[in-house]
Amino acid sequence: MPFLFRDTLTGETRELATLEPGVVRMYNCGPTVYSTPQIGNFRAWMFADVLRRALELGGHEVRQIMNITDVGHLTLDDTESGEDKLEAASRREGVTAWDIAARYTEEFFESARRLNILPAHEYPRATQHVPEMIAMIRGLIDRGHAYVTPAGNVYYDVATFPAYGRLSGNTVEELEAGARVAVVPEKRHPADFALWKRDEQHQMQWDSPWGRGYPGWHVECSAMARKYLGDEIDIHTGGEDNIFPHHECEIAQSEGLTGKPFARLWLHNRHLLVDGRKMSKSSGTMYTVDDIEARGHSLRALRYMLLATHYRQPMNFTWPALDAAAGAVRSLDTSVRGITAADGVADDPSLAALSAGAETRFLAALEDDLNVSAALAVVHELRAAVNRAQTVSRGDAARLRGTWERLDSVLGLDLLAHAASTPEARPDDAEIQGLVDARTAAREDRDWARADAIRDELAARGIRLEDGPDGVRWTRD
RNA sequence: GGCGGCAUGGCCAAGUGGUAAGGCAACGGAUUGCAAAUCCGUGAUCCCCGGUUCGAAUCCGGGUGCCGCCUCCA
């Protein structure tokens, strides 16, 4: 079965037909590193991560590139009201823009790692690809798609690229009528966008044929995608806000230069809302990964939650929904941990059929425009079926673990590792074990009041007890 | 002002013409000393109004509410 995706450019659901059979060249729009990323940003990176994992489960080799935008950019075309995020952060924190970029790049990597997002194959930085961008701008000027103003700025001439607006559904005329773009006299058309800005005040500046300055925002992705993936790529992803102007401009740059279709599929994820509203700093809803942990939630629960809503649906973050995700993860952990094998138990052919069927349906759901919600339904049905099976043969147990491993290769919840691991050692382990033993003794004496009192005390400390046939197991919440 | 999207049980969320997946919570039962975990079972006609159709959550029209893009933004 081929993968089907809804392509933003055509509005159609289309088959993934890669340039090179079996190899997917994928470019994901990454972070702009001027502040700590919030969980809405991670919805986009998580989408890219699951997409990559699903393609790999489907047998594709994926070459994944994610840019790090570490150059500050003034808004499109003005030097008065525009604010450069990196320079603003630099002023606020009293360090250079370079320090800001380095610091938040590290934060991004750290949070991504904690969310079990697989590293892309390259994370090209804009600051390290200025020569490539200059070369691209030169090519665009040579081909008549860009022009240099007397002030030393270089703009893309949108009138020379008739397809401009096709991705977003905008037309150049409407954009002009919208009049939200400040009129800059030196531009031929209000929708023309900057490829190079001459600015000797800017903290980050480079020499160019047009004077010292810095590159326009959009050109970095065109230049870096081309360098690492070639003139044509299979998949380009980003948040819905990137559709216009960023990706629209990328198409104009890349195709204007090469004359070849840039990306075969454009995939965009909808935004994450908090309590049904756009998250905002003023309402205190721009949660970071640290905020989630500070509230006592695991990042596995956050990962599950971010996964569980289809990427093209607006997703609503609420704390009760995060609780629900935590419950779902716990039930999966319990089930995987509970797979117990015994000698002398015969293989159960129905179990093998069950897992094989689950894997098939799981992949089929993912192939259908990455329907992770439907895939999770398969996962939970398998979970319930396995729980019903109780003790299984050694062969079946190994097969089941194999199935869970493959399902988890997409989910990224580390289910097997969690099932196998013993709780991490803590200083009060001995004390807790002592209380557990005391409760066991009380139960043997049928002193239920004392046994329950101990259980309550442990519960208050976040210790969960499970009385099983093989004794008591305890875990930390 | 222009363009686009969404509205499914208490909460989260699949499903785009053939009679409502899944998770969490809740309730009843099994199990348990009592619990926890697990298993079995219970719940929605799909924002409102009108239309098309043998048949609509799914298509069309009109409302209402919310969200997004048009400016940096995942």
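None of the values given here were measured: they were computed from a predicted structure. Heavy atoms only: backbone and side chains are in, while hydrogens, waters and symmetry mates are out. Convention: sequence-line order gives letters A, B, ...; per-chain numbering from 1.
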Separation between the [atom1] atoms of [N] and [M], rounded to whole Å:
N	M	atom1	result
B/rU42	B/rC34	C1'	25 Å
B/rU16	B/rA7	C1'	15 Å
B/rG15	B/rA25	P	24 Å
B/rU53	B/rG18	C1'	12 Å

- Query: Any side-chain N or O of A/R388 under 4.0 Å from OP1/OP2 of B/rC40?
  - Reply: yes
- N/O donor-acceptor pair under 3.5 Å between A/Q64 side chain and A/R25 backbone: no
Considering only NZ, NE, NH1 and NH2 on the basic side and carboxylate oxygens on the acidic side, decide whether [X] and [Y] come within less than 4.0 Å.
X	Y	value
A/R443	A/D467	yes
A/R361	A/E381	yes
A/R125	A/E220	no
A/R312	A/D369	yes

- Give a yes or no on whether A/R337 atom CZ has more than 12 heavy-atom contacts from other residues, nucleotides or ligands under 6.0 Å away. yes
Regarding [X] and [Y], is there a side-chain donor-to-acceptor distance under 3.5 Å anywhere?
X	Y	result
A/H268	A/N242	no
A/S331	A/D333	no
A/Y34	A/E87	no
A/S222	A/E250	no

- Going by heavy atoms closer than 4.0 Å, what residues in residues 102-119 of chain A are next to RNA chain B? none
- Item | Residue-level proximity of residues 454-462 of chain A to RNA chain B when a heavy atom falls under 4.0 Å | A/R455
- Note on the structure: Going 5' to 3' through nucleotides 15-32 of chain B and flagging B where a protein heavy-atom sits under 4.0 Å of the base, S where only the sugar-phosphate is that close, and - otherwise, we get S-----BSBS--------
- A/L272 near the nucleic acid: base, sugar-phosphate alone, or nothing, with a heavy-atom cut-off under 4.0 Å? base
